[in-house]
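In this text, all values refer to a predicted model and were calculated from it rather than measured experimentally. To find a chain, count down the sequence lines: A is the first, B the second, and so on, and within it residues start at 1.
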2 protein chains.
Amino acid sequence: MSSDLRLLSRRERQIMDILYRLCRATALQVMQEMGPEPPSYSTVRTLLGILEKKGHVRHEKEGHHYTYVPNTPAGEARYSALTHLMDTFFNGSASAVVSAIIDLKQDKLTAGEYEEILELVEKSRKEGQ
Amino acid sequence: MSSDLRLLSRRERQIMDILYRLCRATALQVMQEMGPEPPSYSTVRTLLGILEKKGHVRHEKEGHHYTYVPNTPAGEARYSALTHLMDTFFNGSASAVVSAIIDLKQDKLTAGEYEEILELVEKSRKEGQ
DNA sequence: ATAAGATTGCTAAAATTTTAGCAAAGCTGA
DNA sequence: TCAGCTTTGCTAAAATTTTAGCAATCTTAT
């Protein structure tokens, strides 16, 4: 089943990313999220149609218009994205990724977030025994 | 400068991923890493040439053949990949990513790795004060 | 009811990506 | 040396992606 997001074209992936970020969106909303040099509304609709035909997306009729939703559950998509990132850039090492995240958010992490992370890790450690 | 990897085509990105994973590689090595349905050697060379022209890659003469190396430092590429992943799938939340990593590697993490991660987090917390 | 506005269905062409072949150049070992 | 193998340089065409227009349908408000 897998349906790997990495096999999609540039625009297709860009749209899938937007859908995962927003969870659900109309063609218009998607277009507005497509950053600088957005394609036309028409183009976005075509792409959504292609993604639907390929099975990556489905639409739900919401009143007058369509709302598009990713077909693969967010959890699954997250899982494979994270695995790929870890393998590609961090040699598969979990602690290397955590280290990078910490670096990344360094000054922005609140005391509460530190607590949360520590608890997560310790909880998992205990469960693993 | 940015040169976003997400703007590349499917094959181009696939090759960049391989180069980041291997750090450096010849066209042949790249081809051998291209999974099932690999393109021809010739095709891989063409793609590497395009990536070079776009400035994503450079080659070093190594004896008889070329070895290709990513131009953007691994650290920088990691940074933007991780940021994008976090924003797309984890709503920008650091602790959510950490939680996912833990889940992911659940049974495979050794006691030593748990220690390492905990130390990383605590060290950062102290420094942040 | 009906005009105005918005959304969809369909189509086609432009642009880019992906593919691979062949000649030339460079090394290697008999 | 020189025949054979490997790698590069160049080229061109097939395949896919990306683009957008227009008619038809549906909603909403007058």
Side-chain angles (χ1 to χ4, degrees), chain A residues 2-20 22-72, chain B residues 2-20 22-72:
Chain A
S2 81
S3 66
D4 195 333
L5 287 190
R6 268 166 291 135
L7 297 182
L8 300 180
S9 73
R10 184 172 68 89
R11 284 300 198 198
E12 287 172 344
R13 264 192 320 269
Q14 192 179 2
I15 288 181
M16 289 308 293
D17 281 354
I18 289 169
L19 286 180
Y20 276 113
L22 303 185
C23 297
R24 50 191 297 111
T26 65
L28 185 61
Q29 291 174 312
V30 168
M31 191 192 82
Q32 288 165 338
E33 295 286 327
M34 307 256 308
E37 307 200 33
S40 74
Y41 177 60
S42 207
T43 300
V44 173
R45 272 187 317 117
T46 305
L47 266 310
L48 283 167
I50 292 171
L51 285 168
E52 180 151 42
K53 190 159 62 188
K54 289 189 183 174
H56 292 283
V57 148
R58 69 176 179 281
H59 72 263
E60 291 165 8
K61 215 161 204 162
E62 198 140 299
H64 182 200
H65 53 9
Y66 289 178
T67 293
Y68 290 87
V69 188
N71 251 334
T72 8
Chain B
S2 79
S3 68
D4 195 333
L5 286 190
R6 269 166 291 136
L7 297 181
L8 300 181
S9 73
R10 186 172 67 89
R11 285 299 198 199
E12 287 172 343
R13 263 191 321 268
Q14 192 180 1
I15 288 181
M16 289 308 293
D17 281 354
I18 290 169
L19 286 180
Y20 276 112
L22 303 186
C23 297
R24 49 192 298 111
T26 65
L28 185 61
Q29 291 174 313
V30 169
M31 191 191 82
Q32 289 164 339
E33 295 286 327
M34 307 253 313
E37 308 200 34
S40 74
Y41 177 60
S42 207
T43 300
V44 174
R45 273 189 316 119
T46 305
L47 266 313
L48 284 168
I50 292 170
L51 286 168
E52 180 152 41
K53 189 158 62 186
K54 289 189 185 174
H56 293 282
V57 148
R58 69 175 180 281
H59 72 264
E60 292 167 6
K61 217 161 204 161
E62 197 141 297
H64 183 199
H65 54 336
Y66 288 177
T67 293
Y68 290 87
V69 187
N71 252 334
T72 7

Please examine the side chains of [Y] and [X], heavy atoms only from C-beta on, and report whether any two atoms are closer than 4.5 Å.
X	Y	result
A:H56	A:M16	yes
B:Y20	B:L5	yes
B:T67	B:H59	no

For this session: Apply side-chain contact (heavy atoms from CB on, under 4.5 Å) to B:E62 and B:R24, showing your working.
Result: CA-CA 11 Å; B:E62 197 141 297; B:R24 49 192 298 111; 2.9 Å; yes
Contact list (N/O, under 3.5 angstrom) for nucleotides 9-11 of chain D vs protein:
| unit_1 | atom_1 | unit_2 | atom_2 | d |
| --- | --- | --- | --- | --- |
| D:dG9 | OP1 | B:Y66 | OH | 3.2 |
| D:dG9 | N7 | B:R45 | NH1 | 3.0 |
| D:dG9 | O6 | B:R45 | NH2 | 2.9 |

Exercise. A:R58 and A:E60: salt bridge (charged side-chain N to carboxylate O under 4.0 Å, His left out), yes or no, with the steps?
Worked result: CA-CA 7 Å; A:R58 69 176 179 281; A:E60 291 165 8; 3.5 Å; yes
Is any side-chain nitrogen or oxygen of [X] closer than 4.0 Å to OP1 or OP2 of [N]?
X	N	answer
B:S9	C:dT17	no
A:S40	D:dT19	no
A:R11	D:dT19	yes
B:T43	C:dT18	no

Check: residues 41-49 of chain A side-chain donor-acceptor pairs under 3.5 Å, at least two apart:
| unit_1 | atom_1 | unit_2 | atom_2 | d |
| --- | --- | --- | --- | --- |
| A:T43 | OG1 | A:S40 | OG | 3.0 |
| A:T46 | OG1 | A:S42 | O | 3.1 |

Nearest-Å distance for atom pair [atom1]/[atom2], residues [X] and [N]:
X	N	atom1	atom2	answer
A:L48	D:dT18	CG	P	13 Å
A:Q14	D:dT17	CD	C1'	13 Å
B:E60	D:dT8	CD	C1'	17 Å
B:E12	C:dT16	CD	P	12 Å
B:M31	D:dT6	CE	P	12 Å
B:L8	D:dT18	CG	C1'	17 Å
B:E62	D:dT8	CD	C1'	16 Å
A:E52	C:dT7	CD	P	17 Å

What's the closest nucleotide to the [X] side chain, out of [options]?
X	options	result
A:Y41	C:dT7, D:dT7, D:dA20	C:dT7
B:K54	C:dT7, C:dT17, C:dA20	C:dT17
A:L47	C:dT19, D:dT19, C:dT7	D:dT19

Problem set entry | Nearest heavy-atom neighbours spanning A:M31 and A:P38 |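 Heavy atoms of A:M31 and A:P38 come nearest at O-CB, 4.0 Å.
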Problem set entry | Test side-chain contact (heavy atoms from CB on, under 4.5 Å) applied to B:M34 and B:R11, step by step | CA-CA 9 Å; B:M34 307 253 313; B:R11 285 299 198 199; 3.7 Å; yes
Strictly under 3.5 Å: I want the nitrogen or oxygen pairs between protein and nucleotides 25-30 of chain D, one per line.
none

Exercise. Which part of the nucleic acid, if any, lies within contact of B:I50, taking any heavy atom under 4.0 Å across all strands shown: a base, the sugar-phosphate backbone alone, or nothing?
Worked result: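 Base: the residue B:I50, judged by heavy atoms under 4.0 Å, touches a nucleobase.
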Exercise. Is there a side-chain contact (heavy atoms from CB on, under 4.5 Å) between B:L8 and B:L51 once you walk through the steps?
Worked result: CA-CA 9 Å; B:L8 300 181; B:L51 286 168; 4.0 Å; yes
Exercise. Could you go step by step and tell me if B:V57 and B:V69 meet the side-chain contact (heavy atoms from CB on, under 4.5 Å) rule?
Worked result: CA-CA 6 Å; B:V57 148; B:V69 187; over 6 Å; no
